[in-house]
Amino acid sequence: MIGRFDPALTGGECWIRTADGDRTRLPTRRWLGGGRVSAADRQVDSALVGCCDGPTVDLGCGPGRLVTALCRRGVMALGVDISPVAIAVTRHRGAPAVARDVFGPLPGDGRWHYALLADGNIGIGGDPRRLLGRVARLLRPDGLAVVEFDCPGTGIVVRQIRLETRDRAGDWFPWAEAGIDRAEALAAETGFELLTVAEISGRHLAWLRRTGAGPAAIAPRPVGDPGHGPAAGDHRAGAKQAR
């Protein structure tokens, strides 16, 4: 048995298999960052963190490349991940991280200036609407979420997936995909307004600003019920850099 993403967090060769049999190789080198990533991936990372000039929480931080980049710039940042491997790798790089469920209590609730959802982490929990509602409650009023969405036309899809290596397989768990063209509606439903979106090196980012007091907690949906919604966003400074 293996953790959900643990082998991928140290650069191992890994795949995601869906319950209908599809198998996709994970971009583990990209997740690690460092000298082996492409110029295109560096451009996306720059857009993800470019506007973050205050306290930033990276949800599903993995091996911590974005948290590390922020800390090197002198920005207060914290990684959050349920994987002890992710936390260990992030801390080894000199960045702070905590092993927590994003839906549970977290440090700085309601006071973060920025929140990041990168590398497909819009899928955490299998319910993008619930996840974005949680992100809104983490942020201070007028806080900003920088979110990576899937390509247009994806819709909102919830699947059972598992991680596989060459000789092991993990447990099945729910994961979601949400197309960038659903970003605006998701934002409106979850306490955000869409500022802007950008396509960078074939990846799709949205900048979402929290509005008002934020949403009430959203209960988990049954697996297989993707709900309804769209969302998208940009930050005044970050959007300019991303374009």
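We use all heavy atoms of the structure for the numbers below, so side chains are in, but hydrogens, waters and symmetry mates are not. Throughout, numbering of the chain's residues begins at 1 and tracks the sequence.
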V67 and V98: same hydrophobic cluster, using ILVMFWY side-chain contacts below 4.5 Å?
no
Where the side chain of R137 meets the backbone of G133, is there a donor-acceptor pair that is under 3.5 Å apart?
yes
dist L48:CG -> I200:CD1 (nearest 0.5 Å) comes out at 7.5 Å
Any donor and acceptor pair, going by atom type alone, linking the side chain of D127 with main-chain N or O of R130 inside 3.5 Å?
yes
Please evaluate residues L117 and D58 with respect to the criterion side-chain contact (heavy atoms from CB on, under 4.5 Å), reporting the C-alpha separation (whole Å), side-chain torsions for both, the decisive distance (0.1 Å), and the verdict.
CA-CA 7 Å; L117 281 174; D58 182 8; over 6 Å; no
Does a side chain donor of either D20 or T18 reach within less than 3.5 Å of an acceptor in the other side chain?
yes
Is the backbone N or O of V37 less than 3.5 Å from a side-chain atom of R30, with the two atoms forming a donor-acceptor pair by type?
no
Calculate, to the nearest 0.5 Å, the distance between atoms CG and CD1 belonging to L163 and I16 respectively.
5.0 Å
Can a donor-acceptor pair be found, under 3.5 Å and without considering hydrogens, that links the side chain of T90 to the backbone of G62?
yes
Taking the side chain as every heavy atom from C-beta outward, state whether I124 and V102 have any atom pair closer than 4.5 Å.
yes
Is the NZ or CZ atom of R162 positioned over F173's six-membered ring, under 6.0 angstrom from the centre and within 45° of the axis?
no
For a quick test of reading the model, state the closest non-hydrogen atom pair linking N121 to G60 and the distance between them.
ND2-O, 2.7 Å
Check the side chains of S201 and Q43 for a donor-acceptor pair under 3.5 angstrom, ignoring hydrogens and angles.
yes
State whether E193 and R210 are salt-bridged, where the test is any N-O pair (Lys NZ or Arg NE/NH1/NH2 against Asp/Glu carboxylate O) under 4.0 Å.
no
If the threshold is 4.0 Å, N to carboxylate O, is there a salt bridge linking R65 and D119?
yes
Is any side-chain heavy atom of V147 less than 4.5 Å from a side-chain heavy atom of L205?
no
Working to the nearest 0.5 angstrom, can you tell me the gap between L139 CG and L208 CG?
9.5 Å
Summary of side chain to side chain donor-acceptor pair (under 3.5 Å) pairs that have at least one residue in residues 103-113, sequence neighbours excluded
D109-R134, H113-R140
Can you confirm whether Y114 sits close enough to C51 that some side-chain heavy atom of one is under 4.5 Å from a side-chain heavy atom of the other?
yes
Within 6.0 angstrom of R166 CZ, more than 12 heavy atoms from elsewhere
no
I'd like to know if the side chain of T211 and the backbone of G191 have a donor-acceptor N/O pair within less than 3.5 Å.
yes
Greater than 12 external heavy atoms within 6.0 Å of R42's CZ:
yes
Can you tell me how far CG of D81 sits from SG of C61, rounded to the nearest 0.5 angstrom?
4.5 Å
A side-chain contact here means heavy atoms from C-beta on lying under 4.5 Å apart; do R159 and P174 qualify?
no
Please evaluate residues I161 and R17 with respect to the criterion side-chain contact (heavy atoms from CB on, under 4.5 Å), reporting the C-alpha separation (whole Å), side-chain torsions for both, the decisive distance (0.1 Å), and the verdict.
CA-CA 6 Å; I161 68 169; R17 186 178 296 277; over 6 Å; no
Heavy-atom check, side chain of W31 versus side chain of L26, under 4.5 Å:
yes
Take V158 and E177 through the test side-chain contact (heavy atoms from CB on, under 4.5 Å) and record every step on the way to the result.
CA-CA 7 Å; V158 181; E177 297 176 358; over 6 Å; no
To the nearest 0.5 Å, how far apart are CG in L131 and CG in L59?
7.0 Å
Test side-chain contact (heavy atoms from CB on, under 4.5 Å) on I180 and C151 and set out the steps.
CA-CA 6 Å; I180 190 70; C151 63; over 6 Å; no
Side-chain polar contacts of residues 68-78 - donor-acceptor pairs under 3.5 angstrom, sequence neighbours left out - could you list them?
residue	atom	partner	partner atom	Å
T68	OG1	G64	O	2.7
R73	NH1	V49	O	2.9
R73	NH2	C52	O	2.5

Separation between CZ of F149 and CG of D181, rounded to the nearest 0.5 Å
10.0 Å
Would you say F103 ends up clustered with L138 if hydrophobic residues are merged whenever their side chains have heavy atoms under 4.5 Å apart, either directly or through other cluster members?
yes
Would you indicate whether the side-chain heavy atoms of E148 and H204 approach each other to under 4.5 Å?
no
Shared ILVMFWY cluster between L106 and L132, side chains joined below 4.5 angstrom?
yes
